[in-house]
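Here is the structure we will look at, set down as C-alpha coordinates.
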Amino acid sequence: MYRTETNRITVDATELDVKATLECGQLFRFEKTDDGYTVKSGGNTCEIRTSGNYVVIDTAYVDYFVNFFNLDRDVTRAKRELSRFPELTDALNSCGALRILHQPLFETIISFIISANNNIPRIKSIINRLCGLFGDVFPTPQQIAEMPLRQLNAIGCGYRSQYILNSATICANTNILDRLHAAATADASKLLMTLPGVGQKIADCVALFALGRLEVFPIDTWMFKTQRIGMETESQLRTRLMEKYGTYAGYAQQVLYYYNAILRKGV
(Lines give C-alpha, C1' and ligand atoms only; values in the text may rest on other atoms or scores of the structure.)
Protein backbone atom coordinates (compact mmCIF):
# COMPACT_ATOMS: atom_id res chain seq x y z
CA MET A 1 0.00 0.00 0.00
CA TYR A 2 2.82 2.40 0.84
CA ARG A 3 6.52 2.32 1.54
CA THR A 4 8.77 4.68 3.44
CA GLU A 5 12.38 5.69 3.06
CA THR A 6 14.48 8.60 4.26
CA ASN A 7 12.49 11.79 3.64
CA ARG A 8 9.95 10.09 1.34
CA ILE A 9 6.68 8.15 1.39
CA THR A 10 5.51 6.43 -1.78
CA VAL A 11 1.85 5.43 -1.99
CA ASP A 12 0.00 3.52 -4.70
CA ALA A 13 -2.19 6.11 -6.44
CA THR A 14 -5.18 3.80 -6.05
CA GLU A 15 -4.81 4.29 -2.28
CA LEU A 16 -4.65 8.11 -2.14
CA ASP A 17 -6.48 10.61 -4.34
CA VAL A 18 -4.48 13.72 -3.55
CA LYS A 19 -6.83 16.34 -5.00
CA ALA A 20 -9.97 14.83 -3.47
CA THR A 21 -8.32 14.38 -0.06
CA LEU A 22 -6.93 17.91 0.15
CA GLU A 23 -9.81 19.80 -1.47
CA CYS A 24 -12.80 18.13 0.19
CA GLY A 25 -13.04 20.74 2.96
CA GLN A 26 -11.27 18.97 5.79
CA LEU A 27 -7.94 20.83 5.60
CA PHE A 28 -6.97 24.49 5.24
CA ARG A 29 -3.16 24.49 5.48
CA PHE A 30 -2.24 23.51 1.93
CA GLU A 31 -1.26 25.33 -1.25
CA LYS A 32 -1.07 24.21 -4.86
CA THR A 33 2.38 24.07 -6.44
CA ASP A 34 3.50 23.56 -10.04
CA ASP A 35 3.33 19.77 -9.76
CA GLY A 36 1.30 19.08 -6.61
CA TYR A 37 0.70 20.60 -3.19
CA THR A 38 2.53 21.83 -0.11
CA VAL A 39 0.81 20.61 3.06
CA LYS A 40 1.46 21.92 6.58
CA SER A 41 0.31 20.53 9.91
CA GLY A 42 1.51 21.63 13.33
CA GLY A 43 5.12 22.55 12.61
CA ASN A 44 5.54 19.91 9.90
CA THR A 45 5.59 20.27 6.12
CA CYS A 46 5.43 17.92 3.16
CA GLU A 47 5.39 18.21 -0.62
CA ILE A 48 2.93 15.83 -2.25
CA ARG A 49 2.46 15.02 -5.93
CA THR A 50 1.11 12.27 -8.16
CA SER A 51 3.70 10.65 -10.42
CA GLY A 52 2.34 8.00 -12.75
CA ASN A 53 0.86 5.19 -10.69
CA TYR A 54 2.18 6.55 -7.41
CA VAL A 55 1.78 9.42 -4.99
CA VAL A 56 5.11 10.75 -3.72
CA ILE A 57 5.26 12.57 -0.39
CA ASP A 58 8.59 14.29 0.27
CA THR A 59 9.10 15.27 3.89
CA ALA A 60 11.52 15.21 6.79
CA TYR A 61 8.59 14.02 8.95
CA VAL A 62 7.82 10.62 7.45
CA ASP A 63 6.15 9.02 10.48
CA TYR A 64 4.07 12.13 11.10
CA PHE A 65 2.61 12.17 7.60
CA VAL A 66 2.00 8.42 7.49
CA ASN A 67 -0.28 9.07 10.46
CA PHE A 68 -1.62 12.37 9.09
CA PHE A 69 -2.76 10.78 5.81
CA ASN A 70 -4.07 7.71 7.68
CA LEU A 71 -2.10 5.44 5.38
CA ASP A 72 -2.65 2.39 7.57
CA ARG A 73 -6.44 2.67 7.19
CA ASP A 74 -8.09 0.55 4.48
CA VAL A 75 -9.98 3.20 2.50
CA THR A 76 -11.33 0.61 0.06
CA ARG A 77 -13.36 -0.92 2.86
CA ALA A 78 -15.26 2.31 3.43
CA LYS A 79 -15.99 2.63 -0.29
CA ARG A 80 -17.07 -1.00 -0.48
CA GLU A 81 -19.44 -0.63 2.46
CA LEU A 82 -20.97 2.57 1.04
CA SER A 83 -21.27 1.20 -2.50
CA ARG A 84 -24.57 -0.46 -1.54
CA PHE A 85 -26.19 2.99 -1.51
CA PRO A 86 -27.01 3.83 -5.15
CA GLU A 87 -27.26 7.58 -4.42
CA LEU A 88 -23.53 7.54 -3.57
CA THR A 89 -22.38 5.78 -6.76
CA ASP A 90 -21.44 8.87 -8.77
CA ALA A 91 -19.72 10.52 -5.81
CA LEU A 92 -17.74 7.41 -4.90
CA ASN A 93 -16.65 6.88 -8.50
CA SER A 94 -15.56 10.50 -8.82
CA CYS A 95 -13.49 10.74 -5.65
CA GLY A 96 -11.01 7.90 -6.02
CA ALA A 97 -9.26 7.06 -2.77
CA LEU A 98 -10.30 10.11 -0.77
CA ARG A 99 -8.88 9.76 2.73
CA ILE A 100 -10.11 11.24 5.98
CA LEU A 101 -7.07 12.91 7.51
CA HIS A 102 -5.90 12.53 11.11
CA GLN A 103 -5.22 16.12 12.12
CA PRO A 104 -3.96 17.59 15.42
CA LEU A 105 -6.88 18.13 17.78
CA PHE A 106 -6.28 21.69 18.98
CA GLU A 107 -5.30 22.90 15.52
CA THR A 108 -8.52 21.45 14.13
CA ILE A 109 -10.67 23.07 16.82
CA ILE A 110 -9.26 26.53 16.19
CA SER A 111 -9.24 26.13 12.41
CA PHE A 112 -12.91 25.26 12.32
CA ILE A 113 -13.84 28.07 14.71
CA ILE A 114 -12.14 30.34 12.17
CA SER A 115 -14.12 28.65 9.39
CA ALA A 116 -17.52 29.66 10.80
CA ASN A 117 -19.44 31.88 8.34
CA ASN A 118 -16.28 32.23 6.29
CA ASN A 119 -14.97 31.30 2.85
CA ILE A 120 -12.05 28.98 2.20
CA PRO A 121 -9.54 31.53 0.79
CA ARG A 122 -10.13 33.81 3.77
CA ILE A 123 -9.97 30.93 6.25
CA LYS A 124 -6.63 29.85 4.80
CA SER A 125 -5.27 33.41 4.92
CA ILE A 126 -6.24 33.89 8.58
CA ILE A 127 -4.71 30.56 9.60
CA ASN A 128 -1.54 31.31 7.65
CA ARG A 129 -1.23 34.70 9.37
CA LEU A 130 -1.80 33.08 12.76
CA CYS A 131 0.92 30.50 12.13
CA GLY A 132 3.19 33.21 10.74
CA LEU A 133 3.23 34.84 14.16
CA PHE A 134 4.85 31.68 15.53
CA GLY A 135 7.42 30.83 12.88
CA ASP A 136 4.97 29.13 10.51
CA VAL A 137 4.01 26.66 13.24
CA PHE A 138 0.46 26.28 14.52
CA PRO A 139 0.48 27.76 18.04
CA THR A 140 -0.20 25.82 21.22
CA PRO A 141 -3.21 26.51 23.44
CA GLN A 142 -1.00 28.43 25.85
CA GLN A 143 0.49 30.59 23.11
CA ILE A 144 -2.93 31.64 21.83
CA ALA A 145 -4.27 32.12 25.36
CA GLU A 146 -1.51 34.65 25.96
CA MET A 147 -2.24 36.65 22.79
CA PRO A 148 -3.87 40.07 23.14
CA LEU A 149 -7.36 40.12 21.64
CA ARG A 150 -6.30 42.97 19.37
CA GLN A 151 -3.67 40.72 17.78
CA LEU A 152 -6.29 38.16 16.77
CA ASN A 153 -8.43 41.00 15.44
CA ALA A 154 -5.45 42.32 13.47
CA ILE A 155 -5.02 39.05 11.54
CA GLY A 156 -8.67 39.10 10.51
CA CYS A 157 -10.42 36.80 12.98
CA GLY A 158 -13.20 39.33 13.54
CA TYR A 159 -15.96 38.30 15.95
CA ARG A 160 -14.28 34.87 16.20
CA SER A 161 -11.32 36.40 18.07
CA GLN A 162 -13.00 36.15 21.46
CA TYR A 163 -14.12 32.57 20.79
CA ILE A 164 -10.58 31.60 19.79
CA LEU A 165 -9.04 33.26 22.83
CA ASN A 166 -11.55 31.76 25.26
CA SER A 167 -11.39 28.27 23.75
CA ALA A 168 -7.59 28.32 23.78
CA THR A 169 -7.62 29.40 27.43
CA ILE A 170 -9.87 26.47 28.34
CA CYS A 171 -7.66 24.05 26.41
CA ALA A 172 -4.54 25.48 28.07
CA ASN A 173 -5.89 25.39 31.63
CA THR A 174 -7.90 22.16 31.69
CA ASN A 175 -7.51 18.56 30.52
CA ILE A 176 -10.25 18.87 27.91
CA LEU A 177 -8.04 17.73 25.03
CA ASP A 178 -7.12 14.50 26.83
CA ARG A 179 -10.76 13.95 27.76
CA LEU A 180 -11.84 14.39 24.15
CA HIS A 181 -9.46 11.69 22.93
CA ALA A 182 -10.82 9.27 25.54
CA ALA A 183 -14.53 10.12 25.29
CA ALA A 184 -17.20 8.20 23.42
CA THR A 185 -18.37 10.07 20.31
CA ALA A 186 -21.61 11.45 21.77
CA ASP A 187 -19.77 12.61 24.90
CA ALA A 188 -16.98 14.13 22.82
CA SER A 189 -19.56 16.08 20.85
CA LYS A 190 -21.11 17.50 24.02
CA LEU A 191 -17.70 18.32 25.45
CA LEU A 192 -16.58 20.09 22.27
CA MET A 193 -19.72 22.22 22.34
CA THR A 194 -18.75 23.57 25.76
CA LEU A 195 -15.99 25.48 23.96
CA PRO A 196 -16.94 29.03 22.90
CA GLY A 197 -17.69 29.21 19.19
CA VAL A 198 -18.21 25.45 18.77
CA GLY A 199 -21.66 24.31 17.67
CA GLN A 200 -22.80 20.94 16.35
CA LYS A 201 -21.30 21.30 12.88
CA ILE A 202 -17.85 22.34 14.13
CA ALA A 203 -17.96 19.64 16.80
CA ASP A 204 -18.70 17.05 14.13
CA CYS A 205 -15.86 18.30 11.91
CA VAL A 206 -13.41 18.08 14.82
CA ALA A 207 -14.66 14.61 15.76
CA LEU A 208 -14.28 13.42 12.16
CA PHE A 209 -11.02 15.08 11.14
CA ALA A 210 -9.08 14.97 14.42
CA LEU A 211 -10.62 12.23 16.56
CA GLY A 212 -11.26 9.78 13.72
CA ARG A 213 -14.95 9.32 14.50
CA LEU A 214 -16.13 8.21 11.06
CA GLU A 215 -19.71 7.76 12.26
CA VAL A 216 -20.44 11.51 12.42
CA PHE A 217 -21.99 13.43 9.52
CA PRO A 218 -21.34 17.19 9.64
CA ILE A 219 -24.23 19.19 8.22
CA ASP A 220 -22.96 22.18 6.28
CA THR A 221 -24.68 24.36 3.71
CA TRP A 222 -24.05 21.87 0.91
CA MET A 223 -25.40 18.92 2.84
CA PHE A 224 -28.49 20.86 3.88
CA LYS A 225 -29.05 21.95 0.28
CA THR A 226 -28.52 18.58 -1.39
CA GLN A 227 -29.58 15.97 1.20
CA ARG A 228 -32.53 17.50 3.01
CA ILE A 229 -35.93 15.83 2.64
CA GLY A 230 -39.03 17.95 3.05
CA MET A 231 -38.89 20.27 6.04
CA GLU A 232 -36.15 18.43 7.95
CA THR A 233 -34.17 20.50 10.43
CA GLU A 234 -30.38 20.25 10.45
CA SER A 235 -30.59 18.05 13.54
CA GLN A 236 -33.12 15.72 11.94
CA LEU A 237 -31.08 15.51 8.74
CA ARG A 238 -27.91 14.74 10.71
CA THR A 239 -29.64 11.99 12.70
CA ARG A 240 -31.17 10.39 9.61
CA LEU A 241 -27.93 10.32 7.64
CA MET A 242 -25.86 9.04 10.55
CA GLU A 243 -28.34 6.22 11.06
CA LYS A 244 -28.45 5.48 7.34
CA TYR A 245 -24.70 5.38 6.62
CA GLY A 246 -23.64 4.09 10.03
CA THR A 247 -19.96 3.46 10.65
CA TYR A 248 -18.88 5.33 7.52
CA ALA A 249 -21.28 8.29 7.66
CA GLY A 250 -18.38 10.75 7.78
CA TYR A 251 -16.81 9.25 4.69
CA ALA A 252 -20.16 9.52 2.89
CA GLN A 253 -20.34 13.18 3.88
CA GLN A 254 -16.91 13.93 2.48
CA VAL A 255 -17.44 12.28 -0.90
CA LEU A 256 -20.84 13.96 -1.23
CA TYR A 257 -19.34 17.36 -0.39
CA TYR A 258 -16.43 16.93 -2.81
CA TYR A 259 -18.70 15.71 -5.59
CA ASN A 260 -21.39 18.37 -5.21
CA ALA A 261 -19.43 21.42 -4.07
CA ILE A 262 -16.06 20.96 -5.79
CA LEU A 263 -16.51 18.79 -8.87
CA ARG A 264 -20.02 19.83 -9.87
CA LYS A 265 -19.74 23.28 -8.26
CA GLY A 266 -23.31 23.19 -7.08
CA VAL A 267 -24.84 22.19 -10.44
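Just so it is clear, the structure is predicted and the values come from calculations on it, not from any experiment.
Put simply, the side chain of Arg29 reaches to within 4.5 Å of the side chain of Phe138, judged on heavy atoms. Within the 4.5 Å cutoff, the side chain of Tyr251 has heavy atoms near those of the Leu98 side chain. Contact of the Cys205 side chain with the Thr108 side chain is not registered, since no non-hydrogen atoms from C-beta on lie closer than 4.5 Å. The shortest distance between side-chain heavy atoms of Leu71 and Val11 falls below 4.5 Å. Considering only heavy atoms from C-beta on, Phe106 comes within 4.5 Å of Ile144 through its side chain. A heavy-atom distance below 4.5 Å is found between the side chains of Asp72 and Val66. Using a 4.5 Å heavy-atom cutoff, the side chains of Thr185 and Glu215 are in contact. No side-chain heavy atom of Glu15 sits less than 4.5 Å from a side-chain heavy atom of Phe69.
A pairwise comparison of heavy atoms in Arg238 and Gln200 identifies NH2-NE2, 3.2 Å as the closest pair. Nearest heavy-atom pair across Val216 and Asp204 is CG2-O, 3.5 Å. Of all non-hydrogen atoms in Ala249 and Leu241, the two that sit nearest each other are CB-O, 4.2 Å. The two residues Tyr259 and Asp90 have their closest heavy-atom pair at OH-CB, 3.5 Å. Taking every heavy atom of both residues into account, Tyr258 and Ser94 meet most closely at CE2-O, 4.4 Å. Scanning both residues, Arg99 and Gln26, for their nearest heavy atoms gives O-NE2, 2.8 Å.
Screening Ile123, Ile120, Asp220 for a side chain to side chain contact (heavy atoms under 4.5 Å, CB included) involving Ser115 leaves a single residue, Ile123.
Aromatic pair Phe209/Phe112: ring centres closer than 6.0 Å.
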Under 3.5 Å, which donor-acceptor pairs link side chains of residues 174-182 to any protein atom two or more places apart or in another chain?
| unit_1 | atom_1 | unit_2 | atom_2 | d |
| --- | --- | --- | --- | --- |
| Thr174 | OG1 | Ile170 | O | 2.7 |
| Thr174 | OG1 | Ile176 | N | 3.3 |

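Remark: Phe224 engages no residue in a ring-ring contact (aromatic ring centres under 6.0 Å, His included) (not counting sequence neighbours).
By the neighbour-count criterion of 12 heavy atoms within 6.0 Å, atom NZ of Lys190 is sparsely surrounded, having that number or fewer from other residues, nucleotides or ligands. Asn53 CG: 12 or fewer foreign heavy atoms inside a 6.0 Å radius. Counting non-hydrogen atoms of neighbouring residues, nucleotides and ligands closer than 6.0 angstrom, the CZ atom of Arg77 reaches no more than 12 such neighbours. Counting non-hydrogen atoms of other residues, nucleotides and ligands closer than 6.0 Å to OH of Tyr54 gives a total of 12 or fewer.
Remark: side-chain polar atoms of Thr89 are paired, donor with acceptor, to backbone N or O of Pro86 under 3.5 angstrom. Under a 3.5 Å cut-off, the side chain of Thr45 and the backbone N or O of Lys40 do not form any donor-acceptor pair. Proximity of a side-chain donor or acceptor of Lys201 to a complementary backbone N or O of Ala116 within less than 3.5 Å is not detected. In this structure a side-chain-to-backbone donor-acceptor pair under 3.5 Å is missing from Thr21 to Val18. With Arg160 contributing its side chain and Gly197 its backbone, the two residues share no donor-acceptor pair below 3.5 Å. When atom types are taken as modelled, the side chain of Arg122 and the backbone of Gly156 share a donor-acceptor pair closer than 3.5 angstrom.
Neither Ile48 nor Ile100 shares a network with the other; the hydrophobic side chains, linked directly or stepwise wherever heavy atoms of I, L, V, M, F, W or Y lie under 4.5 Å apart, form separate groups for each. Leu22 and Leu256 fall into different hydrophobic clusters, defined by Ile, Leu, Val, Met, Phe, Trp and Tyr side-chain heavy atoms under 4.5 Å apart, directly or through other members.
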Task: ring-ring contact (aromatic ring centres under 6.0 Å, His included) evaluation trace for Tyr248 with Tyr245 - done: CA-CA 6 Å; Tyr248 295 108; Tyr245 297 126; over 10 Å; no
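Taking CZ of Phe85 as the reference point, atom NZ of Lys244 lies at 6.5 Å (rounded to 0.5 Å). With rounding to the nearest 0.5 angstrom, the CD1 atom of Ile113 is 3.5 Å from the OG atom of Ser167. Remark: Leu16 CG to Thr50 OG1 distance equals 7.0 Å, nearest 0.5 Å.
With a 6.0 Å cutoff to the six-membered ring centre and a 45° limit on the axis angle, Lys124 counts as a cation-pi contact of Phe30.
In this structure, Lys32 pairs ionically with Glu23, as a charged nitrogen and a carboxylate oxygen lie closer than 4.0 Å.
Side-chain atoms of Thr38 and Glu47 form a donor-acceptor pair, as typed in the model, at a separation below 3.5 Å.
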